[in-house]
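Some notes on the structure that comes next.
Residue numbers begin at 1 in each chain, while the letters A, B, ... track the order of the sequences.
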Number of protein chains: 2
Amino acid sequence: MNRAEIKDKCKQCSIYANGYLFCAQLDADELCALSDHSRTLTMKRGDSLEGEALGTWPIVAIDMGVLSMQHLLQDGRKTIAALFMRGDIIDLRNISNRNRGALIALGKVKLCRLSPRVFEQIMGKNPKAQKVIWENLRDQAFRAMDHSGDIAKKQALEKLASFIFECRNRQEKIPECDTIDIPVRRIDLAEYLGMQPETVSRCFKELEQREILVAPRLNAVRITNIPMLRRIANGDRDAVIKDAGKHGFKVLKIA
Amino acid sequence: MNRAEIKDKCKQCSIYANGYLFCAQLDADELCALSDHSRTLTMKRGDSLEGEALGTWPIVAIDMGVLSMQHLLQDGRKTIAALFMRGDIIDLRNISNRNRGALIALGKVKLCRLSPRVFEQIMGKNPKAQKVIWENLRDQAFRAMDHSGDIAKKQALEKLASFIFECRNRQEKIPECDTIDIPVRRIDLAEYLGMQPETVSRCFKELEQREILVAPRLNAVRITNIPMLRRIANGDRDAVIKDAGKHGFKVLKIA
DNA sequence: CGGCAAGTTGAGCCAGGTCAACTCCGGTGG
DNA sequence: CCACCGGAGTTGACCTGGCTCAACTTGCCG
């Protein structure tokens, strides 16, 4: 494969096109080697990456879409333990202990399965690439820890508020636009936050009624009262309190 | 500082003494450089690592004890998002977004604050060390994801069962000994699992009554029915079901 | 031995899970 | 183009696991 062809293969991919992502850190030789030994893959909602496929291709980089790590309990309860998006690199080499979940697409996902050998070579000698991957993994780790903190003690409304901020943090900022993309369905959101779809629905409704946000579509919200949403996310009980009147609006201490 | 002195400083430390941990991968020069630019620290329960201290020393390696990452909500609710133990390396360089928690010792903790500069140098040129750190961070990430999965949808008893297995996985195996060390207090355990200390207590009691384990001390358990505990941890509802009789034991389908 | 935090036990209650019915919406085929 | 279908989302009513509060016991440290 010559370089022109490689460029064709990679130039459409955000992992190469976005200057701060992994493949953008590589020089021509490295990109060439990696591209030559890697395979792209397109998945649709429900497709999973498991077993044998991961044996030979344990490292995947997300170009587009949302991939979830799901844990399934014996009786059918399901949870989404993590969400992977554009730029995330998932290294599943030698996964062993515990019930590591399956990787399941929550919509159309484009990803690239990287050759472990070439990946490791690049890790060993390209400090810029190394730094990008290291920070990505660190983000994944801290994000998972934040998420644990969120779902451990927070109430439903608080979890949802936190999730909306998580979405805001992760999406590329479009200045002068407060519309936040919710890249997953209600049902997935419920599984990610450890609640029921019914509860998610009720919480969105409450936030709308209290005029904290508007949800024009299922996959987007616009926050109209950021400080209040922040207070809810941070676990300020006063901000969560329900209405004190019959059909008036909620009474909120602004303290 | 000469090499003999460095050896004195590091030879007691498990990060150097355990062949599979970070410092054991370094050659004499590297160890020398790292040791020379690092500072050990001993903490006692409740001590926290925050702010300025982390500004100049954002990388810490745990030698002994349990360090927790805690998130505090506005109204005082607290959660432990992650537990760090021997060999874990925590890299907090450029932490910024979200409410990253404080690092708080849950007992006597010995750790070593590593020079970011030397650490980065070593990362760049020692593949063995790089591999060890990479795998440690990956473990942290996946552990946090597993933990999210555990606390999202599991019931109290299931969470506790999972936690006991997590302890078992993390502690160095002593063959022919089923006694598992519980390295944290009940109160911390409750915060880690997102439940109340009262509930933790009740769950331990139930597991003892059902003769699934015995807890000779507060900080240790011995599992007497591993398969049952496993089933509970895996979310088998039948295994969680309470008793069907008045004062008999629980009726359990072994299916 | 006193003092305090940690842990346990009991009683009551509520946030959110569960179940059921319904609406909405995108896709498919006649 | 419309009728049909199935999964996603919503709404309401009910119920329960575990949170809360309070009282008590235990264990640790000076």
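Atoms CG (Leu106(B)) and P (dA6(C)) sit 12 Å apart, rounded to a whole Å. dG18(D) atom P lies 8 Å from atom CG of Leu157(B), rounded to whole Å. Going from atom CG of Leu218(A) over to atom C1' of dG26(C) covers 12 Å, rounded to whole Å. One atom, CD of Glu206(B), and another, P of dT9(C), lie 13 Å apart when rounded to the nearest Å. The distance from atom CD1 of Ile187(A) to atom C1' of dC25(C) is 14 Å, rounded to the nearest whole Å. Lys205(B) has its NZ atom 9 Å from the C1' atom of dG10(C), to the nearest Å. To the nearest angstrom, P of dG17(D) lies 17 Å from NZ of Lys153(B). Atom NZ in Lys154(B) sits roughly 17 Å away from atom P in dG17(C) (whole-Å rounding).
An end-to-end axis angle of 50° holds for the helix from dC1(C)-dG30(D) to dG30(C)-dC1(D), taken from five base pairs per end and rounded to 10°.
Taking CD1 from Ile80(A) and CD from Gln70(A), the interatomic distance works out to 4.5 Å, rounded to the nearest 0.5 Å. Taking OG1 of Thr224(B) as the start and CD of Glu208(B) as the end, the distance is 9.0 Å to the nearest 0.5 Å.
Remark on DNA chain C: of its neighbouring residues Arg185(B) and Glu198(A), the 5'-side contact belongs to Arg185(B), judged by nearest-heavy-atom nucleotide.
Residue Gly46(B) is classed as having no contact, given no heavy-atom separation below 4.0 Å to the nucleic acid. Using a 4.0 Å heavy-atom criterion, one finds that Gln155(A) contacts the sugar-phosphate atoms exclusively. Counting any heavy atom pair closer than 4.0 Å across all strands shown, Arg202(A) reaches a base atom.
Ser162(A) and Lys154(A) are linked by a side-chain donor-acceptor pair at a separation below 3.5 angstrom, with hydrogens and angles left out of the test.
Under 4.0 Å is where a charged nitrogen must lie from a carboxylate oxygen, and between Glu191(A) and Arg77(A) no such pair does. A salt bridge does not link Arg202(B) with Glu206(B): every distance from a Lys NZ or Arg NE/NH1/NH2 to an Asp or Glu carboxylate oxygen is 4.0 Å or more.
Put simply, Arg186(B) has a side-chain N or O that comes within less than 4.0 Å of OP1 or OP2 on dT8(C). Between Thr199(A) and dG17(C) there is a side-chain polar atom (N or O) within less than 4.0 angstrom of OP1 or OP2. Contact annotation: Ser201(B) side-chain N/O to dG7(C) OP1/OP2 distance is not under 4.0 Å.
Here Phe163(A) and His147(A) keep their ring centres 6.0 angstrom or further from each other.
Nearest nucleotide to the side chain of Gln196(A), out of dA6(C), dT18(C), dT10(D): dT18(C).
A heavy-atom distance below 4.5 Å is found between the side chains of Asp238(B) and Arg231(B).
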